[in-house]
Amino acid sequence: MMAASSENNFKGTLLIDEPMAKHTSWRIGGVADKFYTPFDIDDLSLFISQLPETENIMFLGLGSNLLVRDKGIRGTVISLKGSLSEIETLDNNCLRVGAGASCAKLARYCHRNNLIGGEFFAGIPGLFGGALAMNAGAFGGETWPIVKSVITMDKQGVTRKRTAKEYEINYRSVKGHKDEWFISADVQFTSGDGTVAALRVKNLLDERAKTQPTGLPSCGSVFKNPENDYAARLIEACGLKGYKIGGAVISEKHANFIINSGNAKARDVEKLINFIQATVKKEKFVELHTEVKIVGEADNE
Ligand SMILES: Cc1cc2nc3c(=O)[nH]c(=O)nc-3n(C[C@H](O)[C@H](O)[C@H](O)COP(=O)(O)OP(=O)(O)OC[C@H]3O[C@@H](n4cnc5c(N)ncnc54)[C@H](O)[C@@H]3O)c2cc1C
């Protein structure tokens with residue numbers, strides 16, 4: 001349902017009771033009370049600043065690392081898909097990248113402008129803001145080592161520039177400044193041959209397509225790899241490939257992927273996640289931690 005936002009001078013789009021299944025790569029998730037796509041940064045600032053202080057706010061990229069529970073999200077989801085997506089060339093091989101730019105667009109921009117160091121973004125099916133939040137990485141590259149600074153926005157709609165040093169960065173983990181969200185970042189590349197880089201990435205993506213079920217509804221790797229091992233290897237070694245709960249099934253192609261086989265509920269996926277963790281703990285004595293973010297209210301039927 002679309003709500004009229006013009007009386008408040010908002011230029012973005014406000015949807016009410018928006019099914020999150022439409023906005024996650026798993027195609028799963030109950031409704032968000034409010035779902036706002038800002039027109040631009042000023043509009044976002046205005047919109048956020050008029051929300052009640054206690055409002056639960058969640059920023060959303062392409063939902064490619066997100067499990068939204070079946071009763072959905074109480075509060076407001078800010079979707080950056082189609083918004084804040086500018087990429088600007090600064091001096092010295094540096095780009096200012098909007099949080100709403102897709103990682104694929106950023107990779108293409110680098111190739112076309114002979115910038116090296118951002119090829120790995122071609123392997124991440126999310127927005128740049130999501131990559132910042134996750135410290136996403138692929139093919140040996142990672143987001144934060146090339147970030148110089150970020151612009152954030154807080155609950156009052158106030159923006160701040162912060163250096164990368166102000167965050168604690170680890171494998172798929174970014175800590176610091178709760179209740180501030182990423183609006184853009186200045187990212188440092190080096191100059192080189194963009195065509196050669198693009199070809200190298202194409203080969204890596206072709207290789208990946210052979211080992212991962214990339215065309216099916218999933219969120220990529222569900223679990224982080226434990227130190228010196230692979231979550232997929234451990235899950236496979238427990239004989240769990242193909243194991244199914246409701247509509248959620250462990251991929252036959254890559255054991256760290258859970259596929260929505262058609263009608264999976266978030267509760268099926270969550271039960272399967274718990275089952276995998278318990279089995280790997282019992283049989284291999286390793287604790288697996290989720291990479292995927294789990295949000296929203298459960299339907300405990
Ligand atoms: C087929 C497939 C393959 C994948 N391969 C990889 C891979 O190789 N490497 C890898 O790292 N990941 C991979 N992923 C996971 C996913 O693409 C990444 O984690 C990606 O960075 C998530 O981006 P997103 O825009 O979809 O974020 P979302 O899923 O929308 O959000 C993820 C988290 O980031 C937060 N967030 C989003 N935007 C912002 C913002 N602007 N400010 C603050 N917080 C924000 C959200 O609230 C949420 O907590 C894969 C996923 C799929 C489906």
Side-chain angles (χ1 to χ4, degrees), residues 20 22-29 32 35 37-38 41 44 48 56-68 73 75-85 97-107 119-144 150-155 159 162 167 170-185 201 204-205 207-209 211-225 232 251 253-254 256-260 290-296:
M20 289 299 292
K22 285 164 68 178
H23 305 281
T24 61
S25 57
W26 246 326
R27 305 273 168 264
I28 292 172
F35 187 97
T37 306
I41 187 167
L44 176 60
I48 283 198
N56 174 39
I57 298 172
M58 193 194 95
F59 270 53
L60 176 72
L62 293 186
S64 64
N65 201 47
L66 205 57
L67 181 64
V68 179
I73 296 173
T76 298
V77 171
I78 305 282
S79 167
L80 295 189
K81 186 179 174 189
S83 181
L84 310 188
S85 61
V97 186
S102 75
C103 292
K105 174 179 166 179
L106 175 56
E119 301 91 303
F120 72 89
F121 284 114
I124 296 164
L127 299 186
F128 181 64
L132 283 171
M134 293 304 306
N135 189 24
F139 313 135
E142 240 180 21
T143 303
W144 276 82
V150 292
I151 305 281
T152 65
M153 187 176 285
D154 67 13
K155 276 193 146 181
T159 55
R162 295 194 179 278
Y167 293 85
N170 284 299
Y171 163 59
R172 303 294 177 269
S173 162
V174 178
K175 287 191 184 136
H177 307 294
K178 200 174 163 295
D179 285 342
E180 278 182 31
W181 299 277
F182 300 114
I183 299 303
S184 69
V201 164
L204 289 168
L205 287 171
E207 277 309 303
R208 177 190 264 199
T211 57
Q212 294 185 1
T214 42
L216 298 171
S218 79
C219 76
S221 294
V222 174
F223 299 100
K224 297 182 191 182
N225 287 322
S251 168
K253 205 169 179 185
H254 193 298
N256 200 9
F257 279 53
I258 292 177
I259 306 294
N260 175 2
T290 50
E291 177 175 325
V292 58
K293 303 283 183 191
I294 303 175
V295 297

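We count ligands from 1, going down the list as the structure has it; atoms in each ligand are counted the same way.
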Judged by atom type as modelled, is there a donor-acceptor pair below 3.5 Å linking the side chain of Lys105 to the main-chain atoms of Ser85?
yes

Counting both backbone and side chain atoms, is some N or O of Gly137 under 3.5 Å from an N or O of ligand 1?
yes

Expected output: side-chain Ser251 to main-chain Ile259 donor-acceptor under 3.5 Å:
no

Counting from 1 in the order shown, the ligand 1 atoms closer than 4.0 Å to a non-hydrogen atom of Met134 are 19 (O)

For ligand 1, is there an N or O atom under 3.5 Å from any N or O atom of Gly61?
yes

Once rounded to the nearest 0.5 Å, what's the spacing between atom CG of Leu84 and atom CE of Met153?
7.5 Å

Do Phe257 and Ser221 come within less than 4.5 Å of each other through their side chains, counting heavy atoms only?
yes

Looking only at distances, can you tell me whether any N or O atom of Cys219, backbone or side chain, sits closer than 3.5 Å to an N or O atom of ligand 1?
no

Whether Glu180 lies under 4.0 Å from ligand 1, heavy atom:
no

Test of proximity, Arg208 against ligand 1: N or O pairs below 3.5 Å
yes

4.5 Å side-chain heavy-atom contact, Trp144 and Val174:
yes

Any chance you could measure Leu62, atom CG, to Leu80, atom CG, to the nearest 0.5 Å?
9.5 Å

Among protein heavy atoms, which sits nearest to atom 12 (N) of ligand 1, and what does the distance come to when rounded to 0.1 Å?
Glu291 OE2, 3.9 Å

To atom 6 (C) of ligand 1, the nearest of Gly100, Pro213, Gly123, Ala122 on a heavy-atom basis is Gly123

May I ask you to list the atoms of ligand 1 that are less than 4.0 angstrom from any heavy atom of Leu80?
41 (N)

Is the backbone N or O of Ile258 less than 3.5 Å from a side-chain atom of Trp26, with the two atoms forming a donor-acceptor pair by type?
yes

I want to check something: taking the side chain as every heavy atom from C-beta on, are Leu60 and Met20 in contact at a cut-off of under 4.5 Å?
yes

Provide, to 0.1 Å, the distance between atom 53 (C) of ligand 1 and the closest protein heavy atom, together with that atom's residue and name.
Gly220 N, 3.4 Å

Are any non-hydrogen side-chain atoms of Asn135 and Asn170 less than 4.5 angstrom apart?
no

Contact (N/O only, under 3.5 Å) between Phe59 and ligand 1
yes

Below 4.0 Å, non-hydrogen atoms only: which portion of Ile183 touches ligand 1? Side chain, backbone, both or neither.
neither

May I ask you to identify the nearest protein heavy atom to atom 29 (O) of ligand 1, giving residue, atom name and distance to one decimal place in Å?
Asn65 N, 2.9 Å

Could you tell me whether Thr214 and ligand 1 have an N or O pair separated by under 3.5 Å?
no

Short side-chain to backbone donor-acceptor contact, Ser25 and Ser218, under 3.5 Å:
yes

For ligand 1, is there an N or O atom under 3.5 Å from any N or O atom of Ser25?
no

Is His23 near ligand 1, meaning one of its heavy atoms is under 4.0 Å from it?
no

Side-chain heavy atoms of Met58 within contact of Leu66, under 4.5 Å:
yes

From the list Thr152, Asp154, Ile41, side chain to side chain contact (heavy atoms under 4.5 Å, CB included) with Thr159 holds only for Ile41

Close side-chain approach of Phe120 to Leu204, heavy-atom, < 4.5 Å:
no

Side chain or backbone, does Leu62 bring an N or O within less than 3.5 Å of an N or O on ligand 1?
yes

Would you mind running through ligand 1 and noting each atom that sits below 4.0 Å from a heavy atom of Ala138?
8 (O)

Check each atom of ligand 1 against the heavy atoms of Ala131 and keep those under 4.0 Å away; list them by number with element.
21 (O)

Checking the side chain of Arg172 only, and the main-chain atoms of Gly137 only, is there a donor and an acceptor separated by less than 3.5 Å?
yes

Report the nearest protein non-hydrogen atom to atom 49 (O) of ligand 1: residue, atom name, distance rounded to 0.1 Å.
Lys293 CG, 3.5 Å

Atom 41 (N) of ligand 1: which protein heavy atom is closest, and how many Å away?
Phe182 O, 3.0 Å

Which heavy atom of the protein is the closest neighbour of atom 28 (P) of ligand 1, given with residue, atom name and distance?
Gly63 N, 3.6 Å

Out of Ala136, Ala133, Gly126, Gly98, the nearest non-hydrogen contact to atom 36 (N) of ligand 1 is supplied by Ala133

Given 3.5 Å as the limit, does a donor-acceptor pair link the side chain of Tyr167 with the main chain of Arg162, or not?
no

Less than 4.5 Å apart, side chain to side chain, heavy atoms only: is that true for Phe121 and Phe128?
yes

My understanding is that we take every heavy atom of each candidate and find the minimum distance to atom 2 (C) of ligand 1. Doing that for Ser221, Gly130, Pro125, Gly129, which one comes out nearest?
Pro125

Counting only heavy atoms closer than 4.0 Å, does ligand 1 sit against the backbone of Arg172, its side chain, both, or neither?
side chain

Looking at ligand 1, does any of its N/O atoms fall within less than 3.5 Å of an N/O of Leu127?
yes

Just distances here: any N/O of Ser64 and N/O of ligand 1 closer than 3.5 Å?
yes

